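Nothing fancy with the numbering, it's 1 onward along the sequence. Treat the numbers as computed from the prediction; the structure is a model and nothing was measured.
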Amino acid sequence: GSVIPAGQPFPTTPGSFQPQPLAPTSLIPVVAKVNPAGSALVYSTYVSGKYGNSTFAYSIAIDSAGNAYITGRTTAADFPVTPGALQTSLLNPTQTAYVAELNAGGTALAYSSYLGGSGIDQGNVVRVDGQGNIRVFGPTSSANFPVTSGAFQGTGPTAAWSSNGASLTSISKPGAGQSPSLVFSTFISGGEYMDMYAAGNSYVAGRASLGFPATTGAYQRCASGLNQDTFVAEFDANGKMIAGTYVPLSQPRAVAAAGNGSVYLATIDNTGSLVVAKLLIDDPQKPPAPCLTPLAQNAASFQAGPIAAGQ
């Protein structure tokens, strides 16, 4: 299929949503679609406002219809938002997150909104599920970040297990004549990385100390006793945490959804080595496992071995 990179700078195409930069001296993201042969642009466009020092795009996702979704951060008070968006005004001119959907032809925004509170917010990851709902994840320092009733972590941005704030938000599919709404939105203190599986479940990895709510059949139910461990949590399409575990390594670097409650996790161990493992977050068939000690802080605690083809 075609390649759709997000970044800046890049040549634009006539008839695209924003063929000319509105603020030529600022940092402005470009979304571009390249044909399968890599020989020509299908479309290329800027996505930004005129007023503000910078707008960045950090993640892009494509749905089955070819619409492109981007998220990042902006200081632009006139960032292009669409009527009926969740947030149509900039709450913090220092920096806020945004999420935008560009139609398949690159000619117009199907949806665009600010997303944040009065603190510093940023969108680091965007995904779209099979129903067209948009999932956005990133760091936040906003105590008034929009969260939904009954959220996994309704107050924040920090919690007992971490001093770093993050948020996970699901926005309903924008539709003709219908204003998108929050499917769910929650703080996830300590969260650093997110991925989503096709079924719509989200997987978040981050750093946690004592107090993270690991589930009964977790790979490791308790903190190791060191300053911080990695945690991995699975959230269903409605934002309920259905599995969560500690992992006895303190520096997560990436997470990728593997399905059926499993993830691929990349971390750094206490020797500085990269550890990559496939991990079942929670096994409801197993009895609660004993907590590991700080002496188990190495790759062996993953019972390291080859990952079979197809896993």
Notebook entry, point to check: Does the pair F17 and V31 meet the rule for a side chain to side chain contact (heavy atoms under 4.5 Å, CB included), with working shown?
Noted result: CA-CA 10 Å; F17 165 66; V31 179; over 6 Å; no
Item checked: Stepwise side chain to side chain contact (heavy atoms under 4.5 Å, CB included) check, I70 with V47 -> CA-CA 10 Å; I70 61 171; V47 181; 4.2 Å; yes
Next item on the list: Would you check, one step at a time, whether the test side chain to side chain contact (heavy atoms under 4.5 Å, CB included) holds for I268 with R253?
Entry: CA-CA 7 Å; I268 303 296; R253 287 294 180 264; 3.9 Å; yes
Note to self: Assess the residue pair I242 and N201 against the criterion (side chain to side chain contact (heavy atoms under 4.5 Å, CB included)); give the C-alpha distance rounded to whole Å, side-chain angles, the decisive distance to 0.1 Å, and a yes or no.
What the structure shows: CA-CA 10 Å; I242 57 177; N201 287 11; 3.7 Å; yes
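When atom types are taken as modelled, the side chain of S16 and the backbone of G106 share no donor-acceptor pair closer than 3.5 angstrom. Of the possible polar contacts, none joining the T55 side chain to the T75 backbone as a donor-acceptor pair under 3.5 Å is found. Judged by distance alone, with hydrogens and angles left aside, the side-chain atoms of T215 form a donor-acceptor pair with the main-chain N or O of G244 at under 3.5 Å. For D195 (side chain) and Y203 (main-chain N/O), no donor-acceptor pair under 3.5 Å exists by modelled atom type. Using modelled atom types, one side-chain atom of T230 and one backbone atom of L249 make a donor-acceptor pair closer than 3.5 Å.
Closest non-hydrogen pair, A208 versus F231, comes out as CB-CD2, 3.6 Å. Of all non-hydrogen atoms in L280 and G261, the two that sit nearest each other are CD1-O, 3.7 Å. Of all heavy-atom pairs spanning A258 and Y264, the tightest one is CB-CE1, 3.6 Å. Here the closest heavy-atom approach between residue P19 and residue T13 is recorded as CB-O, 3.9 Å.
Here the straight-line distance linking atom CG of D129 with atom CD1 of I134 works out to 9.5 Å at 0.5 Å rounding. Interatomic distance, K278 NZ to L265 CG, rounded to the nearest 0.5 Å: 13.5 Å. One distance of note links NZ of K50 with CG of D78; it measures 8.5 Å at 0.5 Å rounding. With values rounded to the nearest 0.5 angstrom, M194 atom CE is found 5.0 Å from S202 atom OG. Here the straight-line distance linking atom OG1 of T12 with atom CG of L41 works out to 9.0 Å at 0.5 Å rounding. Remark: N124 CG to S59 OG distance equals 8.0 Å, nearest 0.5 Å.
For A198, there are no side chain to side chain contact (heavy atoms under 4.5 Å, CB included) partners, not counting sequence neighbours. Partners of T245 according to the side chain to side chain donor-acceptor pair (under 3.5 Å) rule, which considers only residues two or more places apart in sequence or in another chain, do not exist here. Applying the side chain to side chain donor-acceptor pair (under 3.5 Å) rule to S112 yields no partners; only residues at least two apart in sequence or on another chain are considered. S172 meets the side chain to side chain contact (heavy atoms under 4.5 Å, CB included) test with N133, P180, S181, V183; sequence neighbours excluded. With sequence neighbours excluded, no residue satisfies side chain to side chain contact (heavy atoms under 4.5 Å, CB included) with S149. With sequence neighbours left out, F137 forms a ring pair (Phe, Tyr, Trp, His ring centres under 6.0 Å) with no residue at all. Scanning for side chain to side chain donor-acceptor pair (under 3.5 Å) contacts around T82 gives an empty result, with sequence neighbours left out. Partners of S142 according to the side chain to side chain donor-acceptor pair (under 3.5 Å) rule, which considers only residues two or more places apart in sequence or in another chain, are D121.
Of the N and O atoms on the side chains of R127 and Y69, not one donor lies less than 3.5 Å from an acceptor on the other residue. A donor atom on one side chain and an acceptor atom on the other are not found under 3.5 Å apart for Q18 and S48. The closest side-chain donor-acceptor pair between D269 and T271 falls under 3.5 angstrom. D282 and Y219 share no donor-acceptor pair across their side chains, judged by distance under 3.5 Å alone.
Each ring pair (Phe, Tyr, Trp, His ring centres under 6.0 Å) pair with one or both residues in residues 145-172, not counting sequence neighbours, appears once here: F152-F235, W161-F212. Annotation: side-chain hydrogen bond (donor to acceptor under 3.5 Å, both in side chains) contacts involving residues 84-93, sequence neighbours excluded, comprise N92-T94. Residue pairs meeting the ring pair (Phe, Tyr, Trp, His ring centres under 6.0 Å) criterion with at least one member in residues 76-99, sequence neighbours excluded, are F79-Y98.
In this structure, R207 does not pair ionically with D229, as no charged nitrogen and carboxylate oxygen lie closer than 4.0 Å.
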What side-chain donor-acceptor pairs closer than 3.5 Å can you find for residues 162-169, not counting sequence neighbours?
| from | atom 1 | to | atom 2 | distance (Å) |
| --- | --- | --- | --- | --- |
| S162 | OG | N164 | N | 3.1 |
| S162 | OG | G190 | N | 3.3 |
| T169 | OG1 | S185 | OG | 2.8 |

